[in-house]
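Note sheet for the following structure.
Ligands are counted one by one from 1 in listed order, and the atoms in each one are counted from 1 as well. Keep in mind that the numbers below use all heavy atoms, side chains included, and drop hydrogens, waters and symmetry copies.
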Amino acid sequence: MREHLLPFYEERDRNIDMLVIHCSAYPADKVLFYLEQYKCSCHYIIEENGGIIKVVDERYSAQHGGKGFWRGSDESLNKRSIGIELCHPTLGQTSYSPAQVSALIELVKGILHRHQIPAVNIVGHSDVAPLRKPDPGMAFPWRKLADEGIGLWFDPARKMDENNVAELLAIIGYDVRSEEAVSASAYAFCRRFLPKYVQLDNNPQHLVEHILPDDFAFMQQADFVETLQAVAFVYR
Ligand SMILES: [Zn+2]
């Protein structure tokens, strides 16, 4: 691991109980350039080749999450979380390299050893900011991470007996405080658990500006509701 420490951090006023995964369409040197330019930060950057760069010490709060909401709370995500930025040219729409995924798994195992982070609080940026952020994208290997003991996956055979989409999304942790938030959260849910309903955008820059689909017909599909019921079963 190498270091490129940035001064954009604050003291924490609460314990770390959350991990937020991000991705950026830029290589690490450009990520660092933009972080400096906008006075933002994260704790680690992982390059496509698996190289890890430490940016802010875990004991401090880094500026990576912005406004967010998860499991009933909209208090500062930064203060309670560790943020990892993955360099990925298509913004997580195509496979992450095995070297990058292995490096991430090793890094996160260490983090989970050092801090008490509940599995339900291991999230992607789009999970906590579904109206604003598409990262780490539908190709992010959540299932593989769950196999490694990082976060949760679901069993399609075990489902919650509940049909209300907003209710199910809220049980998992998503923001359902407005109709717009429910739709955006449903799409963020698909990025993570049902990627076949996520549209590919060949222009990562365009994707950052238009993270939501043109229509939300997927929300009427039986397998959308069934997957939601199965995921809610493990997050409840
Ligand atoms: Zn992000």
Side-chain angles (χ1 to χ4, degrees), residues 4 6 8-10 16-48 52-56 58 60-71 73-94 96-97 100-101 103-104 107-108 111 117 121-142 145 150-151 173-175 181 184-185 187-193 195 198 200-201 203-212:
H4 185 117
L6 293 178
F8 314 121
Y9 59 82
E10 290 174 6
I16 296 165
D17 71 349
M18 203 165 186
L19 177 69
V20 184
I21 310 277
H22 301 263
C23 76
S24 163
Y26 302 117
D29 54 349
K30 213 166 167 189
V31 172
L32 285 163
F33 172 82
Y34 281 120
L35 288 175
E36 286 210 52
Q37 186 146 29
Y38 294 107
K39 297 193 174 1
C40 293
S41 58
C42 56
H43 293 92
Y44 303 98
I45 296 170
I46 306 183
E47 299 174 279
E48 279 196 280
I52 301 178
I53 302 164
K54 176 177 168 177
V55 182
V56 168
E58 289 173 11
Y60 299 116
S61 152
Q63 332 276 16
H64 59 93
K67 254 187 137 18
F69 179 95
W70 190 245
R71 290 178 85 83
S73 171
D74 66 350
E75 64 182 309
S76 170
L77 294 178
N78 290 336
K79 294 276 187 181
R80 59 188 288 207
S81 68
I82 288 177
I84 300 175
E85 189 83 61
L86 301 164
C87 301
H88 195 277
T90 69
L91 266 183
Q93 298 185 99
T94 51
Y96 281 81
S97 78
Q100 193 175 30
V101 173
L104 174 68
L107 177 66
V108 173
I111 290 169
I117 300 179
N121 284 349
I122 297 175
V123 296
H125 200 187
S126 71
D127 294 319
V128 296
L131 286 158
R132 295 188 296 119
K133 296 292 178 179
D135 57 317
M138 78 274 215
F140 185 79
W142 288 109
L145 263 68
I150 299 167
Y174 288 100
D175 184 359
S185 290
Y187 199 55
F189 169 86
C190 288
R191 278 196 202 94
R192 184 159 174 173
F193 296 104
V198 180
L200 197 70
D201 191 322
N203 181 346
Q205 197 49 50
H206 180 260
L207 175 67
V208 171
E209 288 148 21
H210 298 87
I211 67 161
L212 297 176

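The side-chain hydrogen bond (donor to acceptor under 3.5 Å, both in side chains) check on Glu48 picks up nothing, with sequence neighbours excluded. Every side-chain hydrogen bond (donor to acceptor under 3.5 Å, both in side chains) that Lys79 has, sequence neighbours left out, goes to Glu10.
Nearest heavy-atom pair across Lys54 and Tyr44 is CA-CD2, 3.9 Å. The heavy-atom pair separating Ile46 from Gln100 by the smallest distance is O-NE2, 2.9 Å.
Taking the six-membered ring where tryptophan is involved, the planes of Tyr174 and Phe189 are perpendicular, since the angle between them exceeds 60° and thus also 30°.
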Please set out all donor-acceptor pairs under 3.5 angstrom arising from side-chain atoms of residues 30-41, sequence neighbours excluded.
| residue | atom | partner | partner atom | Å |
| --- | --- | --- | --- | --- |
| Ser41 | OG | Phe8 | O | 2.6 |
| Ser41 | OG | Gln63 | N | 2.8 |

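Atoms of the protein (N, O or S only) found under 2.8 Å from the Zn ion (ligand 1) are His22 ND1, His125 ND1, Asp135 OD2.
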